[in-house]
*Asks:* 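Structure provided below as structure tokens; questions to follow.
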There are 2 protein chains.
Amino acid sequence: MTFVSARHLPYVGARCERCSLHSRCLTMGLEGAVLADFDAMLERPRPLKRGETLVHQGDRFANLYAVRSGSLKQVVAQGEVRDQVTHFYLPGELVGLDGIGGGDCPGNLVALESTYVCEFPFSRLEVLMQDSSALQNRLFHTMGEELRDHQRMMCLLSGRTADQRMASFLSGLSERFRLRGYSPTCFYLSMSRGDIGSYLGLAIETVSRVLGRFQQQQLITLEGRQVSLVALEKLRRIAEEGAGRHSGG
Amino acid sequence: MTFVSARHLPYVGARCERCSLHSRCLTMGLEGAVLADFDAMLERPRPLKRGETLVHQGDRFANLYAVRSGSLKQVVAQGEVRDQVTHFYLPGELVGLDGIGGGDCPGNLVALESTYVCEFPFSRLEVLMQDSSALQNRLFHTMGEELRDHQRMMCLLSGRTADQRMASFLSGLSERFRLRGYSPTCFYLSMSRGDIGSYLGLAIETVSRVLGRFQQQQLITLEGRQVSLVALEKLRRIAEEGAGRHSGG
DNA sequence: CGTCGTGTTGACAGGAGTCAATGTCAGTGG
DNA sequence: CCACTGACATTGACTCCTGTCAACACGACG
């Protein structure tokens with residue numbers, strides 16, 4: 001807030017092709033003139049501080065974002081219903097797709113730690129897409145991915161036990177970190193227990209207990225928010241176990 | 001099955017602009033040459049019988065579909081985990097978006113009753129979109145909608161009681177029927193109690209009990225699969241009640 | 001030092017799953 | 001026409017997972 005006027009980072013000249021996440025970003029596969037246009041279009045706003053809100057629920061939809069570093073959560077408030085965390089976004093992931101085609105943004109986007117994002121004005125993306133079927137494909141591809149992710153999440157929330165949810169959450173994070181070149185077995189949970197509980201549909205106490213149980217069973221080690229997946233394979237097996245809550249029905 | 005050779009319906013000359021669902025379909029807002037191209041592209045396969053599968057999980061993704069009449073469910077099988085219903089599709093709704101960008105179809109699509117669909121080869125849609133930003137917008141719009149639907153569903157599955165889920169399910173169906181010109185208070189549930197349970201993350205017995213309770217409370221009347229929403233407003237209120245399963249934590 | 005946010009742990013209760021028995025209905029075949 | 005079958009649905013009894021309430025620990029911060 002003290003640097004309101006300095007909206008852009010020093011590296012104004014930054015270029016997508018030099019970005020370490022280029023190969024995982026929306027720009028994947030773009031080259032030459034299209035990539036240059038893309039570069040020219042995007043903004044790199046100042047970093048968000050922990051707890052700062054990038055987008056407010058109900059804001060007019062205008063931009064997509066990519067996480068450069070740090071992480072975000074999406075929080076949706078529905079009427080009198082308690083707020084709910086619907087998504088966590090890690091570096092290299094595209095944020096805001098669920099606002100497309102709706103007048104406004106469906107949830108708050110809140111930084112979980114110091115976070116850098118790139119900002120893509122969607123209207124300009126639309127223009128670029130008319131000239132670049134590669135970019136169009138890329139965006140459709142990403143939205144399809146997100147639909148499938150949501151589907152998996154719905155399966156998880158519906159009829160799986162607390163242990164299975166946590167195991168799935170941890171191994172899912174592991175996979176996402178691995179894909180982006182971070183350690184798949186040792187990482188920092190930037191979200192609180194409350195966030196995890198909200199996301200997984202569990203009470204905060206249950207989150208705490210399950211994590212404690214996993215530690216006892218030597219599946220993980222835990223120091224505050226730093227977690228090591230000691231037995232990732234076993235976690236995966238728990239997550240996929242046939243016996244959920246409706247196994248026999 | 002007796003008409004295998006007659007893959008197309010008699011009305012081969014059918015045109016989108018004459019379809020009663022035109023204004024709700026992917027074709028909304030298209031006109032002139034683009035609409036003609038669209039018409040030329042799409043197929044109208046023979047109707048599906050109840051229980052017949054339109055698409056098998058793992059099939060190579062190739063088409064989108066629109067429901068002309070009848071209804072479909074999407075069923076996802078994950079490893080040893082019990083099958084799960086992830087979606088119901090009503091007339092006028094677009095089917096198959098979640099296959100975009102993935103090599104193959106993420107679930108079985110099964111007819112819940114006699115069902116007619118239109119079939120859009122996606123590769124040709126992609127070509128058409130290059131010329132028609134209206135069509136492109138329309139498809140993005142629809143995918144965004146679906147993302148937001150999934151998000152609502154995740155909120156529902158995570159931390160709401162059985163009563164709230166059923167109330168939400170019924171009022172949601174009501175709204176979808178209303179939007180398409182059917183009665184919002186009196187309709188036929190083409191899906192079984194088992195399907196509903198799987199979709200809502202409830203045991204089949206719970207579905208039955210909640211429906212029974214709603215009937216006792218004069219919120220609905222029920223005769224087999226025919227349902228009347230007697231007190232739609234009250235149902236809505238139940239669905240939105242603040243006190244879910246994590247209301248106080 | 002007190003307070004607040006966060007996290008852990010224990011005791012308890014309730015909602016919803018599981019198991020089991022029974023009812024209903026459509027389709028089939030004798 | 002009726003018995004038989006299987007799918008679907010309802011209802012009751014019981015269990016247990018997980019949410020709720022409450023107490024407490026810990027670190028950050030004013």
*Asks:* A203(A) or S192(B): which one's nearest nucleotide on DNA chain D is closer to the 5' end?
*Replies:* S192(B)

*Asks:* Scan Q151(A), R148(A), H150(A) and name whichever one has a side-chain hydrogen bond (donor to acceptor under 3.5 Å, both in side chains) with D98(B).
*Replies:* Q151(A)

*Asks:* Are Y65(B) and F120(B) close enough that their ring centres sit under 6.0 Å apart?
*Replies:* no

*Asks:* Need one value for R225(B): base, sugar-phosphate or nothing, where a base atom within 4.0 Å counts as base even if backbone is also close, heavy atoms only.
*Replies:* sugar-phosphate

*Asks:* Can you name the one residue among R180(B), H87(B), R24(B), E146(B) that meets side chain to side chain contact (heavy atoms under 4.5 Å, CB included) with E93(B)?
*Replies:* R180(B)

*Asks:* Measure from CG on L222(A) to C1' on dT6(C) and round the result to the nearest Å.
*Replies:* 13 Å

*Asks:* To the nearest Å, give me how far apart CZ (F214(A)) and P (dG7(C)) are.
*Replies:* 18 Å

*Asks:* Applying a 4.0 Å non-hydrogen cut-off, can you work out what R213(B) is touching in the nucleic acid: base, sugar-phosphate, or nothing?
*Replies:* nothing

*Asks:* Please give, in whole Å, the distance from dT24(C) P to Q226(B) CD?
*Replies:* 20 Å

*Asks:* Output the rounded distance in Å from CG (D195(A)) to C1' (dT6(C)).
*Replies:* 11 Å

*Asks:* In this structure, how many angstroms lie between the P atom of dT6(C) and the CG atom of L189(A), rounded?
*Replies:* 15 Å

*Asks:* Is it the case that the base of dT20(D) and the side chain of R209(A) share a donor-acceptor contact (distance under 3.5 Å, atom types as modelled)?
*Replies:* yes

*Asks:* Here's a test for you: under salt bridge (Lys or Arg N to Asp or Glu O under 4.0 Å), which of R213(A), R245(A), K234(A) qualifies with D163(A)?
*Replies:* R213(A)

*Asks:* Can you confirm whether L235(A) sits close enough to L229(A) that some side-chain heavy atom of one is under 4.5 Å from a side-chain heavy atom of the other?
*Replies:* yes

*Asks:* From C-beta outward on R193(B), which listed nucleotide comes closest to its side chain: dT8(C), dT10(D), dG19(D)?
*Replies:* dT10(D)

*Asks:* Base, sugar-phosphate, or nothing for G201(B), non-hydrogen atoms under 4.0 angstrom?
*Replies:* sugar-phosphate

*Asks:* Which listed nucleotide (dA9(D), dA16(C), dG7(C)) is nearest to the side chain of S208(B)?
*Replies:* dA9(D)

*Asks:* Identify which nucleotide among dT18(D), dG17(C), dC8(D) has an atom closest to any side-chain atom of A162(A), counting heavy atoms from C-beta outward.
*Replies:* dT18(D)

*Asks:* Please report, rounded to the nearest Å, how far the P atom of dT18(D) is from the CD atom of Q164(A).
*Replies:* 9 Å

*Asks:* Considering only side-chain heavy atoms of R50(A), which listed nucleotide, dT6(C), dT10(D), dC8(D), is closest?
*Replies:* dT6(C)

*Asks:* Which nucleotide, dG17(C), dG12(D), dC21(D), lies nearest any side-chain atom of L202(B)?
*Replies:* dG17(C)

*Asks:* When all nucleic acid strands are considered with a 4.0 Å heavy-atom cut-off, which category describes L211(B): base, sugar-phosphate, or nothing?
*Replies:* nothing

*Asks:* Rounded to whole Å, please give me the gap between CD in Q215(B) and C1' in dT11(D).
*Replies:* 14 Å

*Asks:* Counting only side-chain N and O atoms of T206(B), is one of them less than 4.0 Å from OP1 or OP2 of dG17(C)?
*Replies:* yes

*Asks:* Starting at CZ of R82(A) and ending at P of dG19(D), how long is that distance when rounded to a whole Å?
*Replies:* 12 Å

*Asks:* Out of dT6(C), dC21(D), dT18(C), which has the shortest distance to the side chain of E205(B)?
*Replies:* dT18(C)

*Asks:* Evaluate the side-chain contact (heavy atoms from CB on, under 4.5 Å) criterion for residues F61(B) and D104(B): first the C-alpha distance (whole Å), next the side-chain angles of each, then the deciding distance (0.1 Å), finally the verdict.
*Replies:* CA-CA 4 Å; F61(B) 168 75; D104(B) 44 37; 5.6 Å; no

